[in-house]
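Data block below; observations after.
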Amino acid sequence: MYENIKFEVNEGIGTVTINRPKAMNALNMDVLTELYDVFTKIESDDEVKAVILTGEGKAFVAGADIAQMHKLNPIGGRQMMMLGHKVMNLIENIEKPVIAAVNGFALGGGCELAMACDIRIASEKAKFGQPEVGLGIIPGFGGTQRLARLVGKGMAKYLIMTAEMIGADEAYRIGLCEKVAAPEELLSVAEKVARTIASKAPIAIATAKTAINNGFDMDMKSASKFEIETFTAAFSSEDKTEGMGAFLEKRAPEFKNR
Ligand code: DAK
């Protein structure tokens with residue numbers, strides 16, 4: 001059904017694999033369109049509790065497709081920007097956890113895609129970077145904003161202005177990824193994390209994601225108020241009765257789908 005991505009669901013865990021290894025999984029309009037389509041479907045698929053996003057071959061994603069961008073006029077560039085932002089925003093805001101399993105190069109738009117995910121697990125072979133200034137542009141899929149929010153303003157400026165490529169250990173040190181795994185264990189580590197999250201109350205997970213994402217851009221007072229409202233939604237759920245009841249009855253909880 002898709003030409004540039006693969007999608008499979010295994011016992012509640014969806015895996016999206018970007019599959020253009022000959023071009024280092026570079027994001028062209030077709031890949032972005034397919035990503036938008038698959039994440040739209042995932043959003044309303046109750047079978048999928050958590051998602052892993054990874055790349056086939058040596059790269060996670062080596063950026064937006066330079067060959068395609070080179071030919072784009074400003075209107076085409078704007079269309080690409082709109083689509084790219086739509087994909088990143090969908091992944092960031094979908095009410096399911098999305099884990100980037102960064103298997104190799106995550107450059108430019110690839111680093112931005114990883115940053116739109118909730119959690120990044122990097123292979124020891126992964127390389128992160130924002131090389132755009134060397135191409136005469138700046139990060140355009142939210143990178144100037146998400147990188148600064150993840151690693152701080154100074155480090156974001158350092159990485160964007162120098163275009164330096166960093167390895168997994170340095171990415172971990174500065175907070176650009178949350179875990180590092182041996183290359184051959186990357187997907188099993190990502191799946192273990194996905195299964196851990198999927199075993200918790202789905203409404204609580206979705207609510208926590210919303211509270212963190214939205215509150216992060218607010219002042220503390222507004223963010224605390226937002227937490228109260230989102231907490232109330234989780235507190236009113238059947239999952240809260242089940243989770244607390246199970247604890248008191250010393251048994252494992254059985255959460256509803258959604
Ligand atoms: N685009 C297109 N093709 C790419 C590519 C890319 N980003 N990255 C690699 N490829 C292609 C290569 O051209 C090569 O193709 P053939 O020559 O075989 O036909 C093939 O993939 C294998 O690559 P290499 O031969 O270069 O492989 P190496 O192992 O030697 O090097 C590398 C791997 C990842 C270090 C290297 O390929 C590389 O430096 N790639 C480019 C990385 C890069 O600069 N990425 C940032 C792209 S800029 C926008 C919003 C956002 C963006 C743009 C616009 N709008 C708002 C409009 C985002 C921009 C970016 O991401």
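What you see is a predicted model; the values in this text were computed from it and never measured. Note that ligands are numbered from 1 as they come in the structure, with each ligand's atoms numbered from 1 the same way.
- When hydrogens are left out, the protein atom nearest atom 57 (C) of ligand 1 is Gly77 O, 3.1 Å; that is the closest non-hydrogen contact.
- Between the OG atom in Ser188 and the CD1 atom in Ile121 there is a gap of 10.0 Å [rounded to 0.5 Å].
- Regarding atom 48 (S) of ligand 1, its nearest protein heavy-atom neighbour is Leu135 CD1, 3.4 Å.
- The neighbour count for Glu229 CD, taken as heavy atoms of other residues, nucleotides or ligands under 6.0 Å away, is above 12.
- When only interatomic distances are considered, the shortest N/O to N/O separation between Glu112 and ligand 1 does not fall below 3.5 Å.
- The side chain of Ala26, and not its backbone, has at least one atom closer than 4.0 Å to an atom of ligand 1 (non-hydrogen atoms only; side chain from C-beta on).
- Within 4.0 Å of atom 7 (N) of ligand 1, at least one protein heavy atom is present.
- Between Ala62 and ligand 1, a contact under 3.5 Å exists for at least one N or O pair.
- Residue contacts with ligand 1: Gly109 is placed with a nitrogen or oxygen under 3.5 Å of a nitrogen or oxygen of the ligand (distance criterion only).
- Counting protein heavy atoms under 4.0 angstrom from atom 27 (O) of ligand 1 gives one or more.
- The protein non-hydrogen atom at the shortest distance from atom 38 (C) of ligand 1 is Leu107 CD1, 4.6 Å.
- When the shell of 6.0 Å around CD of Gln68 is examined, it contains more than 12 heavy atoms from other residues, nucleotides or ligands.
- The closest approach between Lys22 and ligand 1 falls below 4.0 Å for a heavy atom of the residue.
- Annotation: Ile75, atom CD1; neighbour count of heavy atoms from other residues, nucleotides and ligands within 6.0 Å does not exceed 12.
- With respect to Asp65 and Arg20, a salt bridge is recorded, a charged nitrogen being found less than 4.0 Å from a carboxylate O.
- Looking only at side-chain heavy atoms (C-beta outward), Phe105 and Asn25 stay at 4.5 Å or farther from each other.
- Of the listed residues (Gln68, Met69, Met24), the one carrying the non-hydrogen atom nearest atom 53 (C) of ligand 1 is Met69.
- Here atom 1 (N) of ligand 1 lies nearest to Ile66 when heavy atoms of Val61, Ile138, Leu32, Ile66 are compared.
- Protein heavy atom nearest atom 49 (C) of ligand 1, with residue, atom name and distance: Phe141 CE2, 4.0 Å.
- For atom 12 (C) of ligand 1, the nearest protein heavy atom lies 4.0 Å away or farther.
- Annotation: atom 60 (C) of ligand 1 to nearest protein heavy atom, Ala64 N, 3.5 Å.
- For Lys127, no heavy-atom contact with ligand 1 is shorter than 4.0 Å.
- With a 4.0 Å cut-off on non-hydrogen atoms, Leu72 does not touch ligand 1 at all.
- Rounded to the nearest 0.5 angstrom, Ile66 CD1 and Leu135 CG are separated by 5.0 Å.
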**OP:** With side chain to side chain donor-acceptor pair (under 3.5 Å) as the test, would you mind laying out the steps for Asn4 and Glu34 before giving the verdict?
**Re:** CA-CA 7 Å; Asn4 301 282; Glu34 290 185 12; 3.2 Å; yes

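- Other residues, nucleotides and ligands contribute over 12 non-hydrogen atoms within 6.0 Å of the CD atom of Glu184.
- Although no hydrogens or angles enter the test, the distance criterion places a donor-acceptor pair under 3.5 Å between the side chain of Lys209 and the main chain of Ile94.
- Below 3.5 Å of separation, one finds no N or O of Ile137 facing any N or O of ligand 1.
- In this structure, atom 40 (N) of ligand 1 has its sub-4.0 angstrom surroundings free of protein heavy atoms.
- The shortest distance between side-chain heavy atoms of Ile18 and Glu56 does not fall below 4.5 Å.
- No donor-acceptor pair under 3.5 Å is formed between the side chain of Lys179 and the backbone N or O of Ile119.
- Within the structure, ligand 1 lacks Gly84 among the residues with a heavy atom less than 4.0 angstrom away.
- At least one heavy atom of Ala23 lies less than 4.0 angstrom from ligand 1.
- We find that Lys41 and Asp37 are joined by a salt bridge, their nearest charged nitrogen and carboxylate oxygen being less than 4.0 Å apart.
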